[in-house]
Amino acid sequence: MKKAIDKVLVINSGSSSLKYQLFSMKKGERLAKGLVERIGCGGPKDHTEALKQVVAELGNPKDIDAIGHRVLHGAEVFKDSVKVTKKVMAECKKLVKFGPLHMPPNLGGIEACEKIFKGVPNVAVFDTAFHQTMPDCAAMYAIDPKYYKKMGIRKYGFHGTSHKFIVQEAAKFLKKPLAKLNVVTCHMGNGSSFAAVKNGECVDTTMGLTPLAGLIMGTRCGDIDTAAVLSIMDAEKKTPAEMDTILNKKSGLLALTGSSDCRDIVSKAEKGDKMAELALEMLAYRMALYIGAYNTVIGGADAIIMTGGIGENSTEVRERIVNRLGALGIKLDKKANKIRGQVAVISTKASKIPVVIIPTNEELMIARDTVRVLGE
Ligand code: AMP
């Protein structure tokens, strides 16, 4: 008989930082949490050194049963989380082209764990996997199919671990079997994406080939006419790399208001700043637009679920979104909407579709998937 998995270490390894959390799955508790920064730029020289620091911070534990890793992109190869083997690592390395900034440190974190935690199984949990159930009509772009065949150009979607977590939690909260659950999940943070979930599976999502598509975000523009991008590149003689930086790092709320943080923008708007007011209305408008569209896509939602830094905390942004959902028979409960950071229904009892806040927990989802994959 297999030994039950208890201690699970969750690693989110980025280009210059490594975040970790340690869970006891038996106790259902988080035992430790931390962050190693400045990897390769003043701090530890690489991810192996960073991991040694984590081991020291955890007091040299000898009882870690498994390690779960956040990996950005699984493309069409990985439709679920997977136990890491030599073959899996070789496949992952072929996917670096889909995430040249994130994939190398994600995979570097796995390799560091293989060296330091010898014999402990590693599981890769992909940000894209939850969205792999999307039908072609949602995932394909209307361009020559040779670009899909040659380069894999299609919609993949991201934040899958967060969407999956809140779908599972929503099923519990609404007391509905996951296989019959229809919800629109709204992950609203510095990066934002929504998913249309029918019978517990993703059928559409707002991000695309990369996280640039869809909603207006802290520093990303979201949906834009691609001809506008070409016009700017042509007029200002921008290279693809420069334009990538403009659209991903210098657009969105930052470009409109000078700040990417919703709290700043709400306070500016309250003081009468017209651009801050416009930015909030643009943000809420596009979010409501996708909620309406996805409600149609799934044939009517059992609930709209909000999460992420903004979804869990911003009374003001939630109010602006929900006030645009009247046509779906949804009305805001202003008093309930004051809630922050906890599970709550913020729509009135008479609303046709409840709007529910569910705090996300991507690390716990990674730990749960690690246990599930290793138990199979
Ligand atoms: P995340 O990327 O999920 O950490 O979310 C970051 C976003 O959440 C930022 O735009 C913050 O302004 C917003 N946020 C975090 N806490 C609050 C809060 N208490 N009230 C309003 N917005 C918040």
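Note that ligands are numbered from 1 as they come in the structure, with each ligand's atoms numbered from 1 the same way. What's counted below: heavy atoms across the whole structure, side chains too, no hydrogens, waters or symmetry copies. Numbering starts at 1 and runs along the sequence shown.
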### Query
Is there a nitrogen or oxygen of Ser314 sitting under 3.5 Å from a nitrogen or oxygen of ligand 1?
no

### Task
Flag this pair as yes if the NZ/CZ of Arg154 is under 6.0 angstrom from the six-membered ring centre of Tyr156 and inside a 45 degree cone about the axis; otherwise no.
yes

With atoms numbered from 1 as shown, which atoms in ligand 1 lie under 4.0 angstrom from a non-hydrogen atom of [X]?
{"X": "Cys262", "value": "10 (O), 12 (O)"}
{"X": "Arg340", "value": "18 (C), 19 (N), 20 (N)"}
{"X": "Gly189", "value": "1 (P), 2 (O), 3 (O), 5 (O)"}

Write out the residue and atom name of the closest protein heavy atom to [atom], then the distance separating them to 0.1 Å.
{"atom": "atom 2 (O) of ligand 1", "value": "Asn190 N, 2.8 Å"}
{"atom": "atom 3 (O) of ligand 1", "value": "Gly309 N, 2.9 Å"}
{"atom": "atom 22 (N) of ligand 1", "value": "Arg263 CG, 3.6 Å"}

### Message
Less than 6.0 angstrom separating the ring centers of Phe158 and His131, yes or no?
### Response
no

### Task
Could you check which of Asp264, Asp261, Ile310, Asn313 puts a non-hydrogen atom nearest to atom 7 (C) of ligand 1?
Ile310

Charged N to carboxylate O below 4.0 Å: is that the case for [X] and [Y]?
{"X": "Lys271", "Y": "Asp273", "answer": "no"}
{"X": "Glu363", "Y": "Arg30", "answer": "no"}
{"X": "Lys172", "Y": "Glu169", "answer": "yes"}

### Query
So if you build clusters from Ile, Leu, Val, Met, Phe, Trp, Tyr with side-chain heavy-atom gaps below 4.5 Å, do Phe98 and Ile110 land together?
yes

